[in-house]
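Read through the structure below, which is laid out as C-alpha cells, and then see the notes.
Note that the numbering runs from 1 along the sequence shown for the chain. Because the structure is predicted, anything quoted here is derived from the model rather than measured.
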Amino acid sequence: MLVRTAVAAQLAEAQLRALRRREGFIAGKKSSKAGAPLLPSTRTGPTISSPSAPAAPPCPRRLAATVMLSLATSALAATQTHRPDASSHSSSVRLLRSLARSRRADLSHRALLLFRSLHASPSPPPPHFSLPAALSAAAFLAALPEGRQLHAFAAKLGLTPAHTVVANSLLHLYSSCGLPAAALALFRRIPNRSLVSWNTAVDALAGNGDHLAALDLFREMQRDTDLSPDAYTVQSVLGACAGAGALSLGVYAHAMLLMELGGDGDGAAVSRDMLINNSLVDLYGKCGALELARQVFDRMPMRDLASWNVMILTLANHGRVSESVELFDRMTQVEKVVPNAITFVAVLSACNHGGLVEEGRRYFAMMATEYRIRPRIEHYGCMVDLLARAGFIEEALHIVTGMNCRPDAIIWRSLLDACCKKNVGLELSEAMAKLALDVPDDAVSGVYVLLSRVYASAQRWNDVGMVRRLMMEEGVKKEPGFSSIEMDGLVHQFVAGDTSHPQSEAIYEKLDEIQLRLTSAGYKPDLSEAPLVASVDYAKGASLRLHSERLAISFGLLNATPRAPIRILKNLRVCKDCHTISKLISKLYGVDIIVRDRIRFHHFKDGSCSCKDYW
C-alpha cells in the first residue's frame with residue numbers, strides 16, 4: 001500500500017508540473033534549501049528551518065493527498081478560464097476519480113466541487129465518465145442530498161437505469177446512506193445487470209442488516225442468471241450468513257470461495273487472504289460453530305490485528321472467558337501486537353461475561369496507562385455492566401460520573417437491570433429508569449419492561465399495571481421478539497404464538513409433549529418473566545409457553561438430524577424462564593442447544609449452560 005501511494009504521489013506531482021507549465025508557471029527547478037516544500041507555501045510569516053539536521057522525507061500518503069488537493073484547486077480555476085479539450089477532459093476525469101478514491105472527507109468534498117465546476121464549464125466531460133466518480137465521493141460522505149441531485153442529473157440525461165455503470169454507482173450511494181430499499185428498487189429497474197450490480201445489491205442488503213433478503217437475492221442470482229459469483233459476491237454472502245446465523249449456507253459459501261480462489265483445490269490462496277479468513281472466523285463464530293472458527297484462525301499463516309480482535313471477541317461471546325483472556329495476553333506479550341480500542345472492547349466483554357471484576361479493572365486501567373487509548377462509550381458500557389452485575393453498583397455509578405462522554409440509554413439500562421436482579425430498592429431503580437428514559441433512544445420499551453419487573457419483584461402489581469397503561473398511552477410497543485433456526489439451507493423464523501408455519505400443528509403437538517416432560521421433571525414457570533401480561537397466573541404461564549425460542553426448539557426437535565445440535569438465533573436477550581427450560585430440554589432429550597441472543601451465546605448441554613447462569 002505504501003509503494004502504491006508513493007507511485008500515486010509521483011504521478012500526481014508529474015501532473016502538477018504539466019498543469020503548471022500549461023498555465024504559465026515555472027516548474028522543474030529544485031530548491032537548493034534542504035527541506036524546502038514541494039508545493040508553494042501559503043504561509044505569510046517567516047519559514048523556520050534547521051540547518052544542522054536534514055528534513056525528513058515527506059510521508060507518501062500525505063504527499064499524495066496534498067498534491068491531489070492542489071491539483072483540484074488548480075483544476076477548479078482552470079475550468080473557469082480555459083475551454084477544455086479532449087486531453088484536459090481525460091486528465092480532469094482522472095483527477096476526479098483520484099479524489100473520489102482517496103477515502104478522505106476533504107478530498108471527497110473537493111471531488112464534488114470539481115464535478116460541479118466541470119459540468120458548469122462550456123465543454124463538460126462525458127457525464128458517464130464523471131458521474132460514477134462523483135457518486136463514489138457522495139457515497140463516502142453519505143451525502144444523500146447531493147447524491148439525489150446527482151441521481152436527478154443522471155436521470156435527466158437518460159443514464160439511469162439504462163447505463164449500468166452509473167446505475168451501479170447509485171446502488172452504492174443508497175447503500176452507503178442506509179437506504180437498502182431504495183437501492184433494491186433501483187436494482188430491479190436496471191435492464192442489463194452485471195455481476196457488479198448483483199454484488200452491490202447483495203452487499204447493500206447485507207450491510208444494512210437485512211441478511212435474509214440478501215441471501216434470497218443471492219439465490220435469485222444463481223437461479224435466474226448465468227453469472228458465476230466471484231470473491232466479492234461470496235464476501236457479502238458470508239456476512240449475510242453470519243448475521244442470519246445460517247451455518248449450512250455459510251459452509252456452502254466457503255466451498256464456493258475455495259472453488260473460486262483455491263486454484264488447484266488445495267485452498268492455498270484462500271488461506272493466505274487475511275480479509276477472507278477474518279470473515280470466515282466471524283461467520284463460524286456467529287453461527288455457533290466455535291471449533292470451526294478456531295480452526296480457521298489457527299491455520300492462518302499471517303494474522304493482522306482484526307484477526308486477533310475477532311477471535312478474542314468470538315471466544316468471549318461463547319463463554320470461553322479464560323481462553324479469550326489468554327489469547328489477548330498471547331497477542332500482546334508473545335506476538336507483540338499492539339491492541340487498539342476494539343481489542344479492549346473484546347477483552348472487557350470477556351471479563352463481563354465471566355464476571356472477572358479484578359481482571360476487568362486491570363485491563364480498563366491498562367488501556368489508558370500503557371496504550372494511551374482514550375475510553376469510548378463501549379468501554380464504559382462494558383465496565384459499568386461488569387461492575388453492576390457483580391453487585392458493585394456504587395463503583396459503576398462512580399465510573400458513569402467520571403465519563404468523558406454522555407452516558408447513553410444502554411448504560412442506564414444496564415444499571416437498571418442490575419438493580420432489578422440485585423433487588424437494591426425501588427428508589428434507585430426508578431431513578432435509573434428516569435435517566436434511561438431521558439436519553440433519546442428508540443428502544444425505550446426495554447426500560448418499561450425492566451421497570452415493570454422491578455415492580456413485579458416487589459409485588460407492586462398496581463405499579464405494573466400503571467407501566468402497562470403508560471406504554472399504551474404513549475404508544476410505546478415492546479420490541480417484538482423472534483427466533484430463527486436454519487434447516488436444510490432454509491431459515492425458519494418464529495414469533496411468540498406463531499401459527500403461520502406449515503408445520504404449525506406438529507410444532508404445537510411437540511410443544512405439548514415437551515411441557516408434559518418438563519412438568520414431570522419438576523419444572524415450574526417463573527411468572528416474573530411475564531410482568532406485562534394480565535396478573536392471572538395461568539395467563540402468564542401460557543404466555544411464557546408460547547415464547548418464540550420454544551417454538552424454534554420444538555421445530556428443531558421435529559426436524560433436526562439425530563445428535564445434531566439445534567442452533568437458534570434470537571433478536572432479544574433470552575429470558576430466565578426460557579433459559580431454565582432450555583437446560584432441562586437438553587438433558588431430557590439428550591440434545592445440544594446453541595442459542596445466540598442479543599448479548600452472547602448460550603450452549604445448553606446435559607442440563608447446564610456455558611454461561612454458568614451468569615448473563
- [ ] Walk me through it: do Glu291 and Arg320 pass the test salt bridge (Lys or Arg N to Asp or Glu O under 4.0 Å)?
- [x] CA-CA 12 Å; Glu291 301 307 322; Arg320 303 284 188 90; 3.1 Å; yes
Task: Check: Asp203 side chain, Ser236 main-chain N or O, donor-acceptor pair, under 3.5 Å - done: no
Open item on the list: So which atom in Ile568 and which in Ser483 form the shortest heavy-atom distance, rounded to 0.1 Å?
Closed with: CG2-CB, 4.0 Å
- [ ] Please answer whether the main-chain N or O of Phe140 pairs with a side-chain N or O of Ser176 as donor and acceptor at a distance below 3.5 Å.
- [x] no
Task: Heavy atoms from other residues, nucleotides or ligands near CG of Asn462 exceed 12 (cutoff 6.0 Å) - done: no
Task: Worked check of salt bridge (Lys or Arg N to Asp or Glu O under 4.0 Å) between Arg413 and Asp417 - done: CA-CA 6 Å; Arg413 283 203 300 269; Asp417 186 41; over 6 Å; no
Open item on the list: Testing the basics here: between Ile593 and Ser586, what is the closest heavy-atom pair and its distance to 0.1 Å?
Closed with: CD1-N, 4.3 Å
Open item on the list: Under a 3.5 Å cutoff, is there a donor and acceptor pairing between the side chains of Asn278 and Asp304?
Closed with: yes
Task: Residue pair Gly178 / Asn208: nearest heavy atoms and the distance that separates them - done: CA-OD1, 3.2 Å
- [ ] Keeping the roles fixed (side chain from Glu486, backbone from Leu247), state whether a donor-acceptor pair exists under 3.5 Å.
- [x] yes
Task: Test: Lys510 and Glu513 ion pair at under 4.0 Å - done: yes
Task: Phe297 and Trp308 aromatic centres sub-6.0 Å - done: yes
TODO: Give me the ring orientation class for Phe555 and His501: parallel if the planes are under 30° apart, tilted from 30 to 60°, perpendicular past 60°.
DONE: perpendicular
Task: Residue list, salt bridge (Lys or Arg N to Asp or Glu O under 4.0 Å) with Glu378, at least two apart or on another chain - done: none
Task: Ring-ring centroid check Phe344 His379, cutoff 6.0 Å - done: no
Open item on the list: Please check this pair: side chain of Ser554 against backbone of Arg550, looking for a donor-acceptor N/O pair closer than 3.5 Å.
Closed with: no
TODO: Locate the shortest heavy-atom distance separating Leu215 from Cys241; write the atom from each residue and the value.
DONE: CD2-SG, 3.7 Å
- [ ] Without swapping roles, check the side chain of His579 against the backbone of Asp613 for a donor-acceptor pair under 3.5 Å.
- [x] no
Task: Between Asn340 and Thr343: side-chain donor-acceptor atoms closer than 3.5 Å - done: yes
Open item on the list: For a 4.5 angstrom cut-off between non-hydrogen side-chain atoms, does Asn277 reach Ser307?
Closed with: no
- [ ] Looking only at non-hydrogen atoms, find the nearest pair between Asp577 and Pro525 and report the distance.
- [x] OD1-CA, 3.3 Å
Using atom types as modelled, flag every donor-acceptor pair under 3.5 Å from a side chain in residues 386-402 to any protein atom, sequence neighbours excluded.
{"residue": "Arg389", "atom": "NH2", "partner": "Asn352", "partner atom": "O", "Å": "2.6"}
{"residue": "Arg389", "atom": "NH2", "partner": "Asn352", "partner atom": "OD1", "Å": "2.9"}
{"residue": "Glu395", "atom": "OE1", "partner": "Arg361", "partner atom": "NH2", "Å": "2.6"}
{"residue": "Glu395", "atom": "OE2", "partner": "Arg361", "partner atom": "NE", "Å": "3.1"}
{"residue": "Thr401", "atom": "OG1", "partner": "Leu397", "partner atom": "O", "Å": "3.4"}
{"residue": "Thr401", "atom": "OG1", "partner": "His398", "partner atom": "O", "Å": "2.6"}

- [ ] Indicate yes or no for a side-chain donor-acceptor contact from Ser175 to the backbone of His172 under 3.5 Å, with no hydrogens or angles considered.
- [x] no
Task: Candidates Val310, Val347, Leu327 - the one meeting side-chain contact (heavy atoms from CB on, under 4.5 Å) with Leu315 - done: Leu327
Task: Side-chain heavy atoms of Asp438 within contact of Trp412, under 4.5 Å - done: no
Task: Donor-acceptor contact below 3.5 Å, side chain Asn571 vs main chain Pro480 - done: yes
Open item on the list: Can a donor-acceptor pair be found, under 3.5 Å and without considering hydrogens, that links the side chain of Arg567 to the backbone of Gly288?
Closed with: yes
Open item on the list: Using a 6.0 Å cut-off, check whether atom CZ of Arg376 has over 12 heavy atoms from anything other than its own residue.
Closed with: no
Task: Atom CD of Glu427 with >12 non-hydrogen neighbours under 6.0 angstrom - done: no
Task: CD1 (Ile342) with more than 12 external heavy atoms under 6.0 Å - done: no
Open item on the list: Once you measure the plane-to-plane angle for His602 and Phe604, does it fall in the parallel (<30°), tilted (30-60°) or perpendicular (>60°) bin?
Closed with: parallel
- [ ] Quick one: closest heavy-atom pair of His353 and Ile599, and the distance?
- [x] CE1-CG2, 3.8 Å
